[in-house]
Amino acid sequence: FGEEKIIKMSTTTSTQASGLLDILLPELEKDTGIKVKVIAKGTGAAIRDGKDGNVDVIFVHAKQREEQFVKDGFGTKRYAVMHNDFVILGPEKDPAGIKGSHDAADSLAKIARTQSMFASRGDDSGTHTKERALWEKTSVLLKSTTTTIVKKGKETEINFVQPEGKWYMSLGQGMGKTITFADEKQAYTLSDRGTYIKYKHGRKDGIDLAVFCEKDSLLSNPYGVIPISKEKRPHVKYGLAKEFADWLVSPKAQSLIANYKLHGEQLFYPDAVK
Amino acid sequence: MDFLLDSLISSFMLVASLDRELFSVVAVSLKVSITSSLFASMIGMPFGFFVAIESFKGKRMLITCLNTLLALPTVVIGLFVYALISRRGIFGPFDLLYTQKAIIIGQTILIVPVVATFTIAAISRIDDRYRKTAMTLGANRFQTIFVIIREARFGIAAAVIAAFGRVVSEVGISMMLGGNARGFTRTMTTAMALEYDKGEFTLAVALGIILLSVSFGINLLFHFFQGRTGQ
Amino acid sequence: MDFLLDSLISSFMLVASLDRELFSVVAVSLKVSITSSLFASMIGMPFGFFVAIESFKGKRMLITCLNTLLALPTVVIGLFVYALISRRGIFGPFDLLYTQKAIIIGQTILIVPVVATFTIAAISRIDDRYRKTAMTLGANRFQTIFVIIREARFGIAAAVIAAFGRVVSEVGISMMLGGNARGFTRTMTTAMALEYDKGEFTLAVALGIILLSVSFGINLLFHFFQGRTGQ
Amino acid sequence: MTAYSLSQVTKVYGKKTVLDIDSLKIEKGAIYALLGPNGAGKTTLLKILGFLDYPTTGNIYFQSTPVTFSQGFLHPLRRKVVMVSQRPILFTTTVYKNLEFGLKIRKVPKKKRDRIIAESLDLVGMNHMVQAQAHKLSGGETQRVALARAVALSPDVILCDEPTSSVDLENQITIINLLRQINKEKKLTLVFTSHDKLQATSLAHQTLFLDQGRLATASYENLFTAVLTAKERGLAQCVIQNSLTLSISSDKTGKVRLLIDPEKIDIAKNVENRNRENHLQGKVVQVAQEKGKIRVVVKSGVYITLLLSLEKYSEVQPMVGETVHISIAPDAVKII
Amino acid sequence: MTAYSLSQVTKVYGKKTVLDIDSLKIEKGAIYALLGPNGAGKTTLLKILGFLDYPTTGNIYFQSTPVTFSQGFLHPLRRKVVMVSQRPILFTTTVYKNLEFGLKIRKVPKKKRDRIIAESLDLVGMNHMVQAQAHKLSGGETQRVALARAVALSPDVILCDEPTSSVDLENQITIINLLRQINKEKKLTLVFTSHDKLQATSLAHQTLFLDQGRLATASYENLFTAVLTAKERGLAQCVIQNSLTLSISSDKTGKVRLLIDPEKIDIAKNVENRNRENHLQGKVVQVAQEKGKIRVVVKSGVYITLLLSLEKYSEVQPMVGETVHISIAPDAVKII
Ligand SMILES: Nc1ncnc2c1ncn2[C@@H]1O[C@H](COP(=O)(O)OP(=O)(O)OP(=O)(O)O)[C@@H](O)[C@H]1O
Ligand SMILES: Nc1ncnc2c1ncn2[C@@H]1O[C@H](COP(=O)(O)OP(=O)(O)OP(=O)(O)O)[C@@H](O)[C@H]1O
Ligand SMILES: [Mg+2]
Ligand SMILES: [Mg+2]
């Protein structure tokens, strides 16, 4: 009877808030005996946690940064676990006229053109990263703000790129709060489907916002899990972390993901098993 | 601790760069927290006085309730005010949500118990003879209270300072009711929380250092003001 | 206000269901905040005494600094402690991050200034003759301090209660240093923040109501304890 | 005119009745001395007269109007009555500001205020400390400033709780003269407490004696704690402070408090009848004048005070230091 | 044996020197009375003797050891010296606990503690209030409990600041007797302040007179504030309290404080030389015994005290109420 098998995992709030982990983790424990200590935070902070070796594994959705993370040697491998999709939400009046669209960039361009209010997460999260990528695909004029700070004794610049204008609200909040804000101000926003379903159907007085743009391939939102490298951070429980990652991409876990439904709607699509 | 050093230097650079956004954030923070401290003092102090000076049934239970309210979580206040002022709430038509006013309302609720509790603690230790002396010299209720404030000013000042410290460093309510909208309701603390979420720890702490400096400045003003009225 | 009513009913139902998870969350909250209140009292009170009673150069400036620390944002404390105890920090090897100990460390830092400031405020209004009387009756330093505590107990109790209220309702530090790990470091406030994030506002407020009830219970204990030692 | 009229006034703390006054009239413009042992209720009575505390039961008329003990009603009355406490408190500021407080409240203009403050402080000899921090003053200085603070307001009534207890000799006389003068000039009603019988009788028009909360007619002298042991048929032997033994008529035994009426003690230089009951020998330690009588203090184990008529005094001519003989009539001793 | 020996001790507050003592020795086992007007520095001196305050400059020896004014050093000394303040403070708890505090600290066992507490309270007549809340006591009760609290500790030295100022007559005598008794039985050194000359001289072995911070040799009587106007060649006219005019030898003018030596005043029943300078007429108001002398108080505008030798007293035989003639020698008046 060995030591308790506990690993620590940093993840984005969406995996936890969606309730998916509440389905997966008990099964994991049943199968492997591994308990996972979940620490949910913003994508940036979660990746940071991984770099510092504070956790054994990370589970996030920012594909480019994840790949960079592996390239830098902090993680051993990115396991593609699943994806869900983003949607553009808007008020019933639909002042930008984008209802039923399947072209995300075009929809954003229309929102900008009509100066309809748009609520951005503005927090460098996976969702925000995606939003920025979409804006860059439009011809909307973006403004770049640069802040210079010192990191490890060296001056570092932090860039922040976003559209300018009173209609563009940069909030710096989590998804739920941003949806609430958009609902309150009758603004457009970019959200992951899971959070949207929760806020739309999960409550007595659901939000009024509706999905106006979806199913664009650009709106895909892939999640990856990366165990932290033992070479960089020798203290991590790499063995258990790997076991966990392997389990996640196993057929059993993948079917659990595929079958997870919230208010009758599927949230996540497994990526490991076709 | 290079991390702290980094942050310290960064904070200087931020201030030196005369960043307009930084100033807006500081201004919002100060405006909001000073206003809510004032409101809370206007409500909490007289209430504290009343409780401290009058003797009535259930007084100690009332104090216990006040003490309990010191543990009022920001999330509860946030949601409560939200329910009132959101589009669907009673005060929806005033369009208060996600404005500085909303933050002020929430923060005031947060610190009224702080001001009241410490006013009570400060007053109740003032010898009752000060009150009797003022009364026999012909002071009316108001003037008597004034005398007691004067005698208890150190404790009452501490109450106000603590209340200010509480709100200027508070995140939850500012986040929920203000919305952390850049240029509108972003305060120093919500900006810090954002930078933290982004993983920009250095910038977050740099902002924290600026916040502490600003608060030190305010306390220094207070210090000199108190110094002049004589301790 | 059906929203509040809903929450109230939900909170009853939660408690009635004897939910094991709820109890664990309440237990963690209480354990952590009581411990940090104790530590902070052990540090802040003697320090406050020292400052209040001794006269030395720069005393008022020290008090001003303490007052400034009342505005220490949780994010700064969180990051500061994080930098120390994160795997790459000095105390990394102790593996403190995301444990209850980490929360206690952070919260203690948060409220030491609260306890100290209010101890100073409470003590400095106690007539110096109490100290002189204790001394002339042969009390040593420690016994003199004890006498002054006795006389100032109302104010000092307020300081401790305020400190407890501050930490039990605090989210930032618990979130950053505890990580809100279910079953390990989930406290009432981080649970509320989570429910809020999930959009479960009713549940969030229900938890808030439970938190307030628990804190009321603790204050009630205090109330009776104070009552017996005589007010 | 009556300033105050009290009937059935009591004050109860917990289960202890500390004041119980059947009826008391205080005339306007007169000076009253309130005497009595510690804990008799003097301060309690003054606080009630000053409208700073309320009686548990009873009715009070002030200047012919019944007094309702409610906040709003009392404030105008307090403007007319100022109390100077036994342990006066000065506000934590300068002496000047302490005096200014009541005047400012009464909306006295600045110039007049300054004049009154200077005058009042002068009267108690504290003008040189007008800018001193009041809470740092010495005991006697504090007491004098507190008195000046009251006098400055020219109220109708001043209630002084031991106005001169810590005041030095020179200023005691000054203060007594001051009170006498403002009583005369401004028709001020003055009630003061004191443990100094001489001061009380020299200043007051009337003396009230309070004992265990009740007004007593007896004077406040020769009050002793004594131990009684029964002797025979209604007679008891009474030992006062282990040093004086008297024979009195009483059925009681045990510890009692008793008064010896100072007017019922006889004095003689030479012995006439050594066997007379309660005959004592002692030395004269003090002779003083007191309102048409002469007060003689004789030390005979304890200090016994005699009040002699002028005739008796010039007849016996007791000189200080002389040994005299006194005899206490059994009916002079009253157990209370 | 000396209890204290002070040299060059001063205490300065801000720019004001409130105490300035060249040299003072306090003998062990003796009783000292400390007299002086308000603000003379009596309380300040007692606090320094009680090691509760430090002198600005100067050296103090206590029981032949030099005193270093640092926390660690003073604590053992404080165990031997107890001060009872002018406005004593009782802890916010019962009378019993107030007395118990010092005994507990000295690790006196519970049984003995109870006995001592009962005895001490009995001595000041407060045993019946042993369970009362101390902070609710009356002024005099407080003072008596504070004294009992000090006596209970059987220290080497007791410093009493006006021990009887608010105490009633009966207990004043009790307390004086109590102090005298413990001084004798326990070789206690006692320093007390008072404004009651009679009490001071009757209790103390030695009297110290403090004025404006300095020890003075003159006694503490006939101290007046007067206005001088120059007359001629070193002579000045001196008006005391607007009611008494004297001619004295002085070059000064303006407001001064002066002392009239009570031993240098002559008294007579009949006029011999009406034209003698500084001749006054007045009524005898009090005659009292005082340590081999007789104290006579004459009212002549102001109260003037005379100290007569026993011979002079039996020669003149001034009776209370009589009109007498006194004359003040010009060298009897001293300006300070
Ligand atoms: N708040 C109180 N609670 C209980 N007892 C009290 C309170 N205030 C006064 N007493 C008691 O009432 C009695 C009368 O008190 P009071 O102060 O009137 O006496 P006093 O005549 O002024 O005595 P002294 O000469 O000592 O000043 C005392 O025995 C005192 O202990
Ligand atoms: N902390 C202080 N700061 C400034 N002045 C002070 C302070 N304490 C006392 N004094 C002044 O020092 C002088 C001496 O005070 P002290 O209390 O020794 O007088 P005292 O002789 O005891 O007078 P009293 O008979 O009135 O009690 C007074 O004039 C007083 O105002
Ligand atoms: Mg009294
Ligand atoms: Mg004094």
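FYI, side chains are in, hydrogens and waters are out, and symmetry mates aren't considered; it's all heavy atoms of this structure. Labels below follow one simple rule: chain letters A, B, ... track the order of the sequence lines, proteins then strands, and each chain is numbered from 1.
Put simply, CG on E:L169 and CZ on D:F224 are 10.0 Å apart, with the number rounded to the nearest 0.5 Å. Separating the CG atom in E:D196 from the OG atom in D:S165 is a distance of 12.5 Å, to the nearest 0.5 Å.
Residues E:V320 and D:Y313 share a closest heavy-atom pair of N-OH, 2.7 Å. The two atoms that bring D:M319 and E:Q317 nearest to each other are CE-CA, 3.6 Å, heavy atoms only. Contact detail for E:D168 and D:H195: the closest heavy-atom pair is CA-ND1, 3.3 Å. The two residues D:T225 and E:E170 have their closest heavy-atom pair at OG1-OE2, 2.7 Å.
Under the side-chain contact (heavy atoms from CB on, under 4.5 Å) criterion, E:T174 pairs with D:Q241, E:N171, sequence neighbours left out. Legend: residues meeting salt bridge (Lys or Arg N to Asp or Glu O under 4.0 Å) with D:E119, ordered by chain and number and at least two apart, are D:R115.
Counting heavy-atom neighbours within 6.0 Å of E:R180 CZ, excluding the residue itself, gives a total above 12. With a 6.0 Å radius and a threshold of 12 heavy atoms from other residues, nucleotides or ligands, E:K312 has its NZ atom above the threshold.
Residue D:Y13: no heavy atom, backbone or side chain, is found under 4.5 Å from chain E. At a 4.5 Å heavy-atom cutoff, D:T43 makes no contact with chain E through either its backbone or its side chain. For D:E322, no part sits under 4.5 Å from any heavy atom of chain E, backbone or side chain. At a 4.5 Å heavy-atom cutoff, the contact between E:K255 and chain D is made by side-chain atoms alone. At a 4.5 Å heavy-atom cutoff, the contact between E:V284 and chain D is made by backbone atoms alone.
For the pairing with E:N38, the side-chain hydrogen bond (donor to acceptor under 3.5 Å, both in side chains) check across D:R144, D:E141, D:Q143 returns one residue only, D:R144.
When E:G321, E:S314, E:S166 are compared by the number of non-hydrogen pairs under 4.5 Å with chain D, E:S166 comes out ahead. Between chain D and the options E:K16, E:R87, E:E162, heavy-atom pairs under 4.5 Å are most frequent for E:R87.
In this structure, the side chains of E:Q286 and D:Q289 stay at 4.5 Å or more apart for every pair of heavy atoms.
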